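Written out below as structure tokens is the structure these notes cover.
Because the structure is a prediction, the values reported are computed rather than measured. The analysis underlying the following values was restricted to heavy atoms, covering all of them including side chains, and did not include hydrogens, waters or symmetry mates.
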Amino acid sequence: MNAKTLLDADYITRNERAVIRLFYKDKGIRTVKEIDDFEPYFYAVPDDIDELENEIKNLNKILGTERLEMTDLNKKVAVLKLILNHPKDVPEVREQVKNLENCKEIREADIPFTRRYIIDSGLVPMEDAEDAGLNVCAFDIESYNPHGDCRADRDPILMISYADSKGMEKVITYRTESNKNLIKDMNLDPGVFEFLNNEKEVIQRFIALIREREIDIITSYNGDNFDFPYIRDRSGKYGIKLDLGIDGSEIRSERRGMNLGVKVKGRPHVDMFPVCRQAFNFPRYTLEDVYEGIFGETKPDIEARNIHEYWDSGDAKKFKKLLIYSLSDVTATLRIAETMLPLQYELSRTVRETIYEGSRMSSGQRVEQLLVENAREKKILVPNRPSDSVAKARSRTSYVGGFVVTPKKGIHDNIVLFDFRSLYPSVIISHNIDPSTVNCECCREDKEKYIAPTGQWFCKKNRGFIPEILNKLIAKRVAIKKKLKAETDEDMKKLFDVQQQAVKLIANSFYGYLAFARARWYSKDCAEATTAWGRKYIHKAVDEAEKFGFEVVYGDTDSVFVVLREEGE
DNA sequence: TTCTGTGGCCGTGGGG
DNA sequence: CCCCACGGCCACGGCT
């Protein structure tokens with residue numbers, strides 16, 4: 001309860017200026033810090049910097065310019081930093097500047113304002129979250145579905161279940177003609193099961209609970225695309241504002257790829273469905289399957305499509321089953337959240353992203369975020385995102401094949417799995433694999449360079465940006481593991497373990513990032529060189545293993561399965 | 001209120 | 001005429 005942690009950040013407009021708001025939990029108290037002296041900016045790469053500066057003088061909404069020398073891949077370039085008054089002006093101004101005669105291209109004009117602030121200020125969201133006494137809750141709704149699928153314009157919410165990290169559990173529902181005579185005979189704990197008069201009261205009670213319990217993190221299972229939109233739509237019907245934000249603002253849905261994300265201001269909503277889908281490799285990701293996959297236990301379940309029957313049945317046993325099912329869904333969600341959040345906190349801290357964003361990021365986005373942050377320190381110009389057509393063309397190009405060993409048929413005992421994904425970071429570091437060092441002019445005639453099996457060479461004179469960051473990450477992991485070994489306190493051990501896991505996850509994603517078609521720092525040459533060297537070392541390891549009587553039964557880009565053959569077998 | 005997924009299939013059209 | 005590069009379109013999976 002003694003620490004201060006940054007939960008969320010946004011900006012508002014005051015007197016036509018953007019004001020950043022930082023939502024903290026500080027020694028158990030909510031605080032908001034406002035920053036009113038940070039201005040949006042981006043860079044223009046000129047053909048002729050004097051001419052460009054002249055052209056820009058004719059544009060409105062630019063507060064000022066600054067000449068800077070920055071690095072673009074392996075070249076030094078003079079750029080103009082354009083400082084604006086308000087982030088909303090960026091899209092318009094960047095189009096104008098892009099079209100100026102002396103502007104070659106614009107850079108870093110697509111980094112959202114609050115993210116830019118967090119990067120530039122060095123803030124670490126979720127720092128010390130474990131000591132901030134965060135109140136976490138989970139919620140889940142059941143809705144009426146006599147027509148099969150339920151639709152918020154037609155079918156009411158039947159109950160909202162709630163559970164929080166301080167031990168409160170609730171199923172909030174309402175009396176109807178079919179259940180009113182059952183309730184008193186059901187022997188339910190009135191502290192858990194609340195029967196109100198109607199759906200509207202249920203929603204109001206839910207909102208009140210989030211506020212009264214001073215919830216800091218709201219978790220759900222698919223709340224992004226089901227529960228929150230559903231409650232919001234039903235609230236609208238009754239004229240209730242779903243104002244769960246710490247500042248009294250309503251929840252907001254935003255597009256994130258093909259799905260939605262639901263944002264609650266200052267009280268981050270973390271949806272466990274996308275988190276689990278990314279963290280585990282299960283055939284299905286229903287709450288039931290994920291719960292069983294993680295904990296090895298089944299939970300009480302009823303067929304979702306029959307919920308309306310349980311509600312309408314007028315049968316005490318059936319109705320109770322529905323209540324218990326609803327409660328079990330929310331306690332399962334909370335348990336999953338409590339298991340998954342520590343790593344999510346750490347991943348967010350590692351890439352310095354709010355937990356709302358961090359918990360919804362792909363591994364590629366995490367790597368990219370880390371690179372963008374480090375680029376600033378090193379005065380490196382961040383490459384632009386590829387256009388759709390460039391990304392599509394990239395993903396169409398074929399790659400030199402990975403390491404493949406045709407599976408040996410049969411059932412094998414004593415299988416040992418060698419995972420080579422963890423090999424790639426050291427391959428990248430030790431051969432200085434980077435978009436700025438590949439086939440560099442400075443080493444063209446030089447014998448002293450790293451030459452990949454695929455023919456590309458990598459600079460030995462200048463350290464690449466990506467290998468440097470990766471090296472820092474690996475060093476960080478070694479240091480954490482050292483601390484973990486020496487630690488005796490169980491809580492601290494868990495924290496260190498999560499820290500090293502987060503670093504490992506991100507470090508192991510660098511190779512995939514280089515091959516990722518939408519990456520700013522995409523490099524086919526680098527990706528191919530990495531796997532080619534990787535294959536070389538795998539073959540070496542396999543040959544060694546075979547000398548000692550092991551046999552490779554299956555292999556792919558990432559791993560090799562080896563068995564030990566007995567003498568004479 | 002600067003940012004928006006990804007991969008596969010299929011029809012089209014231009015170049016060899 | 002064939003091939004392939006390109007762009008448009010669709011589905012994916014979870015909640016009830």
Practice item. For C:dG13 versus B:dG5, give the span between their C1' atoms, rounded off to a whole number of Å. Key: 14 Å

Side-chain donor-acceptor pairs under 3.5 Å in residues 262-270 of chain A, sequence neighbours left out?
residue : atom : partner : partner atom : Å
A:K265  : NZ   : A:D10   : OD2          : 3.0
A:R267  : NE   : A:L244  : O            : 2.7
A:R267  : NH1  : A:I215  : O            : 3.0
A:R267  : NH2  : A:L244  : O            : 3.3
A:H269  : ND1  : A:D224  : OD1          : 3.3
A:H269  : ND1  : A:V262  : O            : 3.0
A:H269  : ND1  : A:R360  : NH2          : 3.4
A:H269  : NE2  : A:S220  : OG           : 2.7

Exercise for review: Please determine if A:E199 and A:K237 form a salt bridge, counting it only when a charged side-chain N lies under 4.0 Å from a carboxylate O.
Suggested key: no

Practice item. Using a heavy-atom cut-off of under 4.0 Å over every strand shown, decide if A:I141 touches base, sugar-phosphate, or nothing. Key: sugar-phosphate

Show each protein N/O and nucleotides 8-14 of chain B N/O combination with a separation under 3.5 Å, one pair to a line.
residue : atom : partner : partner atom : Å
B:dG8   : O6   : A:K392  : NZ           : 3.1

Point to revise | Contacts of A:D149 that satisfy side-chain hydrogen bond (donor to acceptor under 3.5 Å, both in side chains) - sequence neighbours left out | key: none

Exercise for review: Assign A:G223 to base, sugar-phosphate, or nothing according to its heavy-atom contacts below 4.0 angstrom with the strands shown.
Suggested key: nothing

**Study point:** Sugar-phosphate, base or nothing in reach of A:L84, heavy atoms under 4.0 Å
**Key:** nothing

Check your understanding: Taking for each residue the nucleotide of DNA chain C bearing the nearest heavy atom, is the 5' side occupied by A:F273 or by A:S389?
Key -> A:S389

Exercise for review: Among the candidates B:dC3, B:dT2, B:dT1, find the nucleotide nearest to the side-chain atoms of A:H86.
Suggested key: B:dT1

Review point. How many Å lie between CD on A:Q278 and P on B:dG5, as a whole number?
Key: 15 Å

Exercise for review: Find the distance A:E39:CD to B:dT2:P and express it as a whole number of Å.
Suggested key: 17 Å

Exercise for review: Using chain A heavy atoms and a threshold of under 4.0 Å, write down where along DNA chain C the contacts begin and end, 5' to 3'.
Suggested key: C:dC6 to C:dT16

Check your understanding: Under 4.0 Å between a side-chain N/O of A:R14 and OP1 or OP2 of B:dT1, yes or no?
Key -> no

Check your understanding: Please give, in whole Å, the distance from B:dT1 P to A:Y11 OH?
Key -> 8 Å

**Study point:** Sugar-phosphate only, base, or nothing, as touched by A:P91 at under 4.0 Å among non-hydrogen atoms
**Key:** sugar-phosphate

Practice item. Report which part of the nucleic acid A:I111 touches: base, sugar-phosphate, or nothing (heavy-atom distance under 4.0 Å, all strands). Key: base

Check your understanding: Any side-chain N or O of A:R518 under 4.0 Å from OP1/OP2 of B:dT6?
Key -> yes

Practice item. Sequence neighbours left out, what pairs pass salt bridge (Lys or Arg N to Asp or Glu O under 4.0 Å) with at least one residue falling in residues 321-338 of chain A? Key: A:E297-A:R335, A:K299-A:D329

Exercise for review: Check the distance between B:dC3's C1' and A:R360's CZ and give it to me in whole angstrom.
Suggested key: 15 Å

Exercise for review: Starting from C1' on B:dT4, measure out to CZ on A:R252 and report it in whole angstrom.
Suggested key: 13 Å

Check your understanding: Going by heavy atoms closer than 4.0 Å, what residues in residues 321-359 of chain A are next to DNA chain C?
Key -> A:Y325, A:D329

Point to revise | Rounded (10°) bend between the five-pair end axes of the helix from B:dG5-C:dC12 to B:dG16-C:dC1 | key: 10°

Point to revise | Salt-bridge contact A:D110-A:R520 (side-chain N to carboxylate O under 4.0 Å) | key: yes

Exercise for review: Kindly state whether the ring of A:F38 and the ring of A:F113 have centres lying under 6.0 angstrom apart.
Suggested key: yes

Practice item. Quick one: list whatever passes side chain to side chain contact (heavy atoms under 4.5 Å, CB included) with A:S387, sequence neighbours left out. Key: A:S389, A:V390

Exercise for review: Scan side-chain atoms only and decide if A:Y144 and A:D312 contain a donor-acceptor pair under the 3.5 Å cut-off.
Suggested key: yes

Review point. Which pairs with one or both residues in residues 241-251 of chain A pass salt bridge (Lys or Arg N to Asp or Glu O under 4.0 Å), sequence neighbours excluded?
Key: A:R21-A:D247

Check your understanding: When the aromatic ring centroids of A:Y43 and A:Y41 are compared, is their separation below 6.0 Å?
Key -> yes

Review point. Given atom OH of A:Y41 and atom P of B:dC3, what is their separation to the nearest angstrom?
Key: 16 Å

Exercise for review: Could you tell me which residues satisfy side-chain hydrogen bond (donor to acceptor under 3.5 Å, both in side chains) with A:E55, sequence neighbours excluded, listed by chain and number?
Suggested key: A:N102

Revision key, fill the gap. One should read off an interatomic distance between A:L82 CG and A:I62 CD1, to the nearest 0.5 angstrom, of 5.0 Å

Exercise for review: Report which part of the nucleic acid A:D110 touches: base, sugar-phosphate, or nothing (heavy-atom distance under 4.0 Å, all strands).
Suggested key: base

Review point. Got a sec, which residues hit side-chain hydrogen bond (donor to acceptor under 3.5 Å, both in side chains) with A:R67, two or more places apart in sequence or on another chain?
Key: A:D50, A:E53

Exercise for review: Return the value, rounded to whole Å, for the distance between atom CG of A:D388 and atom P of B:dC3.
Suggested key: 14 Å

Review point. Are A:D289 and A:Y291 close enough that a side-chain donor and a side-chain acceptor fall under 3.5 Å?
Key: no

Review point. Partners of A:R154 by side-chain hydrogen bond (donor to acceptor under 3.5 Å, both in side chains), sequence neighbours excluded?
Key: none

Check your understanding: Given atom CZ of A:R256 and atom C1' of B:dT4, what is their separation to the nearest angstrom?
Key -> 8 Å

